[in-house]
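Only one structure is covered here, and it is reproduced in the block below.
Computed from a predicted structure; not experimentally measured.
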Number of protein chains: 2
Amino acid sequence: MTALDLFTREARNLSKSARTRARLMDAAVDVFARDGFEAASVNEITRAAEVANGTFYVYFKDKDEIASAVAYRIAHDVVQQLDTAMVGISDAVERTSCATRRFLDLASSNPHWGLALFRAVWIYTDLRDSVVSYLRADLALGVTQGAFTAEIDDFLISTFSAMTMAALFRRLNGEAGPDAGSRLAELQLRMLGVAPDLAKRVAFQDLEPVTLTIPVIPREAQRSKKN
Amino acid sequence: MTALDLFTREARNLSKSARTRARLMDAAVDVFARDGFEAASVNEITRAAEVANGTFYVYFKDKDEIASAVAYRIAHDVVQQLDTAMVGISDAVERTSCATRRFLDLASSNPHWGLALFRAVWIYTDLRDSVVSYLRADLALGVTQGAFTAEIDDFLISTFSAMTMAALFRRLNGEAGPDAGSRLAELQLRMLGVAPDLAKRVAFQDLEPVTLTIPVIPREAQRSKKN
DNA sequence: CGATTAATTGACATATATCTCAAAAATTCC
DNA sequence: GGAATTTTTGAGATATATGTCAATTAATCG
């Protein structure tokens with residue numbers, strides 16, 4: 001529990017069980033980020049969460065279950081953040097560049113989450129599909145706008161995503177600096193068929209900073225449970 | 001031991017210990033390909049090799065040691081094959097395209113080796129560096145030849161490699177067909193600054209097939225079983 | 001063949017992981 | 001406060017992995 005403990009914060013007004021569940025999820029994020037998904041163990045997670053081993057199994061069936069809970073939540077948050085950051089941009093070239101840059105900034109702003117997401121994407125392919133869902137729309141838009149000349153299909157999408165994930169990895173490793181998003185966007189735009197000078201201009205144009213918003217949920221009234 | 005057992009073949013005239021070592025390496029290739037590097041266990045490898053658990057430790061200290069032995073051997077072979085396949089090509093655009101296409105064809109021609117290489121590349125970063133060593137030279141050559149306009153540095157190389165590995169993965173998974181190499185090469189050339197029409201032409205031009213040259217020796221019908 | 005060396009074996013000691021569950025502790029509610 | 005309920009605990013049953021080593025088996029050689 002060395003990071004922001006976003007799940008725990010979010011749940012701080014909820015029932016005890018909700019808070020414990022959130023603690024476990026935050027711990028899982030840290031452990032996945034530190035050890036990788038495969039090497040992570042339930043024991044490590046409970047140790048990080050500072051709860052007993054048995055407590056884990058009250059909330060999750062096994063490592064896979066908590067992993068997918070964590071991964072899908074992170075993916076959901078990322079998608080939401082990206083979505084709001086892009087309202088009002090109608091030019092496909094800008095949208096594509098912006099999405100790439102925002103994604104990198106977002107995912108590297110909290111390295112634990114970013115690494116957990118990175119690791120999860122290689123395990124849960126449908127997760128990648130969801131993160132990537134409207135990348136596809138933006139690329140198609142670019143074709144109809146006449147800006148992109150590449151054929152938009154699974155192969156291209158997969159290549160595009162791989163470039164992004166590799167850049168994220170380098171960014172999280174400190175091998176790439178804050179301009180990684182712009183550099184990557186430039187390469188991607190070139191690949192899509194945008195003229196080099198335009199690609200450079202769009203990829204490096206100023207982008208107003210957006211802060212990470214943590215949702216705060218009001219106190220629950222919820223009573224009752226099953227069994 | 002379901003694949004070509006290339007190490008075993010290669011060692012078939014050597015001492016018994018060399019052959020056992022080779023058996024273990026072939027088994028490791030299969031297990032890494034099937035289970036992934038992290039999930040693979042020494043027990044699985046010895047089971048696949050049909051030797052006792054203790055035999056493993058006579059030849060290798062642990063999983064890491066056999067993994068790096070396997071990975072570096074595969075990488076070495078791949079580099080060698082690529083090298084010979086490219087002699088006589090002096091145009092950087094062609095060289096770059098050719099290397100990508102050959103690499104994909106080679107690595108997907110034996111899926112077990114390809115997958116093992118794929119898995120290893122994410123573990124042994126210096127392995128990637130070695131596979132990538134003369135990619136860097138070709139890219140630099142392209143700049144001096146005036147064909148490439150992108151800046152050649154670690155970021156570009158890493159992006160380029162990630163594209164290639166992702167394509168390999170799709171190819172090995174059956175999600176991409178035999179044209180994956182050409183499609184990828186086209187995208188990479190565009191990214192490097194080659195004009196779209198030239199990129200397409202070079203990436204899709206005929207490439208005379210090169211057969212996998214492993215010391216495959218005729219002789220002796222495979223009869224099964226030992227002892 | 002018999003002796004010497006090389007190679008293999010698998011039981012064992014050790015470690016660590018998973019998952020369960022009866023009991024204990026904490027919390028809620030009247 | 002005290003009974004009822006929720007939540008947590010950690011010992012324990014089970015499983016599987018690692019790495020060692022004395023004993024066994026196979027190969028080699030004079």
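Among C/dT27, C/dT18, C/dT8, the nucleotide with an atom closest to any side-chain atom of B/Lys16 is C/dT8. In the set D/dT18, D/dT8, C/dT18, the nucleotide with an atom closest to the side chain of A/Asn43 is C/dT18.
Between the side chain of B/Ser182 and the backbone N or O of B/Ala203 there is at least one donor-acceptor pair closer than 3.5 Å. Judged by distance alone, with hydrogens and angles left aside, the side-chain atoms of A/Asp153 form a donor-acceptor pair with the main-chain N or O of A/Leu156 at under 3.5 Å.
To the nearest angstrom, C1' of D/dT6 lies 17 Å from CZ of A/Arg21. As rounded to whole Å, 15 Å separates atom C1' of D/dT18 from atom CD of B/Glu65. Per the geometry, OH belonging to A/Tyr59 stands 17 Å off C1' belonging to C/dC19, to the nearest Å. Between the CD atom of A/Glu38 and the P atom of D/dA17 there is a distance of 15 Å, given to the nearest Å. For the pair B/Leu14 CG and D/dT28 P, the computed distance is 13 Å after rounding to whole Å. Distance, A/Ile45 CD1 to C/dT16 C1': 15 Å, rounded to whole Å. One atom, CG of B/Asp64, and another, P of D/dA17, lie 17 Å apart when rounded to the nearest Å. Distance NZ (B/Lys63) to C1' (D/dT18): 11 Å, rounded to an integer number of Å.
Residue B/Thr20 is in sugar-phosphate contact alone, with no base atom involved, counting any heavy-atom pair closer than 4.0 Å across all strands shown. Using a 4.0 Å heavy-atom criterion, one finds that A/Phe60 contacts no nucleic acid atom at all.
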Practice task
Start with the C-alpha gap between B/Phe32 and B/Leu115, add the side-chain angles, then the distance that decides, and say whether side-chain contact (heavy atoms from CB on, under 4.5 Å) holds.
Solution key: CA-CA 8 Å; B/Phe32 290 150; B/Leu115 256 178; over 6 Å; no

Exercise for the section: For the pair A/Tyr59 and A/Glu65, evaluate side-chain contact (heavy atoms from CB on, under 4.5 Å) and give the outcome as yes or no after the intermediate values. Expected result: CA-CA 9 Å; A/Tyr59 297 100; A/Glu65 193 171 285; over 6 Å; no

Practice task
Show your reasoning for whether side-chain contact (heavy atoms from CB on, under 4.5 Å) applies to B/Thr100 and B/Met163.
Solution key: CA-CA 10 Å; B/Thr100 287; B/Met163 296 168 79; over 6 Å; no

Problem - CA sep, side-chain torsions, deciding dist, call: A/Thr8, A/Arg19, side-chain contact (heavy atoms from CB on, under 4.5 Å) - result: CA-CA 6 Å; A/Thr8 304; A/Arg19 276 178 282 136; 5.8 Å; no

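A perpendicular orientation is assigned to the rings of B/Tyr124 and B/Phe37, their planes being inclined by more than 60° (bins at 30° and 60°).
The side chain of A/Tyr57 contributes no N or O atom lying less than 4.0 Å from OP1 or OP2 of C/dT20.
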Protein N or O to nucleotides 9-13 of chain D N or O, pairs below 3.5 Å:
from, atom 1, to, atom 2, distance (Å)
D/dT9, OP2, A/Ala52, N, 2.9
D/dT9, OP2, A/Thr55, OG1, 3.0

